[in-house]
Amino acid sequence: MIRSVVRGNGAALPRRIMKNADFEGMVETSDEWIVQRTGIRQRHVAADDETTASLGEAAARAALGSAGMTPADIDLIILATSTPNNTFPATAVEIQNRLGMHHGFAFDMQAVCSGFVYAVATADLYIRGGLARRVLVIGSETFSRILDWNDRSTCVLFGDGAGALVLEAEEGAGAITDRGVLAASLRSDGVHKDKLFVDGGPSTTGTVGHLRMEGREVFKHAVGMITDVIEATFGEAGITAEDLDWFVPHQANKRIIDASAKKLGIAEQKVVVTVDLHGNTSAASVPLALSVAVADGRIKKGDLVLLEAMGGGFTWGAVLLRW
Ligand code: ACO
């Protein structure tokens, strides 16, 4: 059976770091409130010359470098983003061009914070279906461009950045010991649209709009949705939380991460947390967290890794893979 195996990963962050204290003169908030409620200590914010395409390109080049590949080796690029450079063409196609890649195909995937998990699950289907052999999966965001910088309940939560993986087809035995993507479970439910959305768009206001969130409402649903979709993924793979080496959740809020891990019985030392460094970078958060845990030597070849995300829509999902 064909498996989609991780060959390389990479990340890119804007140059500018904004600390919690930097908000204190802008809105009524404090470092203490932000750290206590969210675990966030800093985030990176893109300058004018740093865009979803430029950050995505840098993360893609880093991932290709770590895979020992060049753009010529890639058949497909999937970019998870909710902050494209333009309404169209797809920013994935712009990244394809920036990489000097004029073969294959590329498209954007929009599932807000769940985008990267959706994109990995989708890439796996293209690979297993024989439509692509090597896929660049990128999550890249510039949420700073859609924040209302006067709204303290949202502007302190988000950051910019990008992360990427290279997946390649490899023959596996069809067993849980195979490397590559082993199981995935995706969900969405539009009934929750008004709890987390952007109040603009090409077909409604003709503007880009700003992010609006009922944080308490999102929080209320998050842990239950996350644990449900992970339990479905465990069931599909025939494993339990104890079999995991690493849990790499979406980095929105440390309290949501802790509560989900506790409910699932995942030991604290197996949880990768980077929300303190990056804030919520939406579709970039999972690959950025992966890049930190790979770089510091925690995630190693052969480790069983669970990715999870939940975001606007609502959308939510999980992917289990052996690194
Ligand atoms: N500084 C100081 N006070 C603040 C701030 C701030 N930055 N923001 C809000 N407050 C105030 C509120 O006004 C409120 O004051 P009040 O009691 O006088 O009304 C008080 O703090 C408590 O507000 P809550 O919203 O109840 O705070 P909560 O503990 O729920 O934390 C938070 C807010 C951090 C937003 C939390 O609800 C959360 O993390 N929600 C989930 C976010 C998430 O996971 N999103 C999903 C992914 S995002 C995506 O898909 C794009």
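When a ligand or atom number is given, it counts from 1 through the structure's own listing order.
Here Glu231 does not pair with Lys263 in a salt bridge; the nearest charged N to carboxylate O distance is not below 4.0 Å. Ion pair Arg43/Asp22 not flagged as a salt bridge, since none of the NZ, NE, NH1 or NH2 atoms sits closer than 4.0 Å to an Asp/Glu carboxylate oxygen.
Contacts classified as side-chain hydrogen bond (donor to acceptor under 3.5 Å, both in side chains) and involving residues 209-219 (residues at least two apart or in different chains) are given here: Asp148-Arg212, Asp199-Arg212, Glu217-Lys220.
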Can I get a per-line list of side-chain donor-acceptor pairs under 3.5 Å for residues 90-104, giving both atom names and the distance, sequence neighbours left out?
| unit_1 | atom_1 | unit_2 | atom_2 | d |
| --- | --- | --- | --- | --- |
| Thr91 | OG1 | Asn85 | N | 2.9 |
| Gln96 | NE2 | His103 | O | 2.9 |
| Arg98 | NH1 | Glu57 | OE1 | 2.9 |
| His103 | NE2 | Ile74 | O | 2.7 |

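Using modelled atom types, one finds no donor on one side chain facing an acceptor on the other under 3.5 Å when comparing Thr281 with Glu141.
By the side chain to side chain donor-acceptor pair (under 3.5 Å) test, Ser291 pairs with no residue at all, sequence neighbours left out.
Within 4.0 Å of ligand 1, counting heavy atoms only, the contacting residues are Glu28, Thr29, Trp33, Arg37, Thr38, Val112, Cys113, Phe143, Arg152, Ser153, Val156, Leu157, Phe158, Leu196, Met213, Gly215, Arg216, Val218, Phe219, His250, Ala252, Asn253, Arg255, Ile256, Asn280, Met310, Gly311, Gly312.
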